[in-house]
Structure formats: C-alpha cells, structure tokens
Amino acid sequence: MATRKTVTEKPRAVKQPGADTLNFFEQVYAVARLIPKGRVTSYGAIGAALGAKSSARMVGWAMNDCRTARPKVPAHRVVNRVGMLSGKHHFEGPSEKEKLLVKEGVKVKNDQVVDFAKIFWDPSAELSFD
DNA sequence: CGCCTGACGAAAC
DNA sequence: GGTTTCGCCAGGC
C-alpha cells in the first residue's frame, strides 16, 4: 500500500504543560477522523497505533470526550475488537451509532458489525507517524 | 488519600 | 470453550 498517510496533525497545541493526555485525546481524534467511510476500527487498534496498545480503555475514554471535540469525531466507526457496537448507548440515541454505520454501508446486526474483519481498518497499518 | 468505575483486551480458570 | 479476573491509566467520590 503506497497510500501510507502521514499524520502530522499537531493538535491544538497543548498550551499547558503536562497536557499529555490532551495530546493523546487529539491523537485519538485525529486517527478516528481518518477512518474511511464504510470502514471501522477498534479502540485497541487506535491505541496500538498511538503506542498505548495496553490501554485500549483510554482510547474509549478519550472518545467519551469526543462529544466536546470539534469537528465531530466519527466515533460510530470505532467499535471494540470483536466488532460490537460498544458504547452506542453514549450517543444521542441507542440506535444512533448503528444508524450512522448502516447509512455508510456498514451492515450491523444485533449490535455487531457484519464482516467486521473485512471492513476493519487498521490505523497502524495504513498510517505512519513520523 | 483510597476505592470504585469505565466506549477495552487478553490471559487465566 | 464459556466465564471470570486482571491489567491499563485516569477521573470521580
């Protein structure tokens, strides 16, 4: 794949010292926003791409704050490692996440992404952090 | 200051 | 092979 993009989104610059977490948040958002339409990825995959492979929870936690992030982060394209729509309850509506995914061509059945492995988008494989 | 919780994940039982 | 526990790391109480 010669389409290795380079994420240079230097987030809003951490104006405050010791704002590593904020930087982490922005990195998560940056990756999430790069998820192609009709594709999905997992929290762990994003975390791994950022170097926090052992802290998938932090990714999800960061997503919790995505509601205040601008522009809006396509959190609906992020599911857990089995393709389940975890966290759909945190959206505007319990069916909002599924709704958005289906709208983009992603089949969802029983709160789970169909052909997850097929449409899975691995940030660490498609992106390059230089 | 310590304990519980949490949009996850993997190992142990 | 399904269920339970532990680890991550930060925030809330």
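Every chain is numbered from 1, with letters handed out A, B, ... down the list of sequences.
Side-chain contact between Ser42(A) and Asn80(A): absent, with no pair of heavy atoms (C-beta onward) separated by less than 4.5 Å. Two residues are said to be in side-chain contact when any heavy atoms from C-beta on lie closer than 4.5 Å; Leu34(A) and Trp121(A) meet this criterion. Side-chain contact between Val79(A) and Met84(A) is absent, with no heavy atoms from C-beta onward closer than 4.5 Å. Contact of the Met63(A) side chain with the Val28(A) side chain is registered, since non-hydrogen atoms from C-beta on lie closer than 4.5 Å.
Residue His89(A) contributes atom NE2, which lies 13 Å from atom P of dG6(B) at whole-angstrom precision. Between the CG atom of Leu50(A) and the C1' atom of dC8(B) there is a distance of 14 Å, rounded to whole Å. Atom CE of Met58(A) and atom P of dA10(C) are 7 Å apart (whole Å). Taking atom NE2 of residue His90(A) and atom C1' of nucleotide dT5(B), one finds them 11 Å apart after rounding to whole Å. Taking atom CG of residue Asp65(A) and atom P of nucleotide dA10(C), one finds them 15 Å apart after rounding to whole Å.
Nucleotides dT5(C) and dC4(B) place their P atoms 14 Å apart, quoted to the nearest Å. Between the P atoms of dC6(C) and dC3(B), the separation comes to 15 Å (whole Å). Of the P atoms belonging to dG1(C) and dC8(B), the separation is 25 Å, rounded to the nearest Å.
Defined by atom type and a distance below 3.5 Å, a donor-acceptor pair is present between the side-chain atoms of His76(A) and Glu104(A).
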Collect all protein-nucleotide pairs involving nucleotides 9-13 of chain B in which both atoms are nitrogen or oxygen and the distance is under 3.5 Å.
residue	atom	partner	partner atom	Å
dG9(B)	OP1	Gly44(A)	N	3.2
dG9(B)	OP1	Arg81(A)	N	3.2
dG9(B)	OP2	Arg81(A)	N	2.6
dA10(B)	OP2	Arg81(A)	NE	3.3

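Centroid-to-centroid, the aromatic rings of Phe24(A) and Trp61(A) stay 6.0 Å apart or farther.
From Tyr29(A), atom OH reaches atom CD1 of Ile46(A) across 11.0 Å, with rounding to the nearest 0.5 Å.
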Distance-only donor-acceptor hits, side chain of residues 106-117 of chain A, under 3.5 Å, sequence neighbours excluded:
residue	atom	partner	partner atom	Å
Asp111(A)	OD1	Lys88(A)	NZ	2.9
Asp111(A)	OD2	Lys88(A)	NZ	3.0

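Non-hydrogen atoms lying under 4.0 Å from DNA chain B are contributed by nothing in residues 97-111 of chain A.
Within a 6.0 Å radius of CZ in Arg39(A), more than 12 heavy atoms belonging to other residues, nucleotides or ligands are found.
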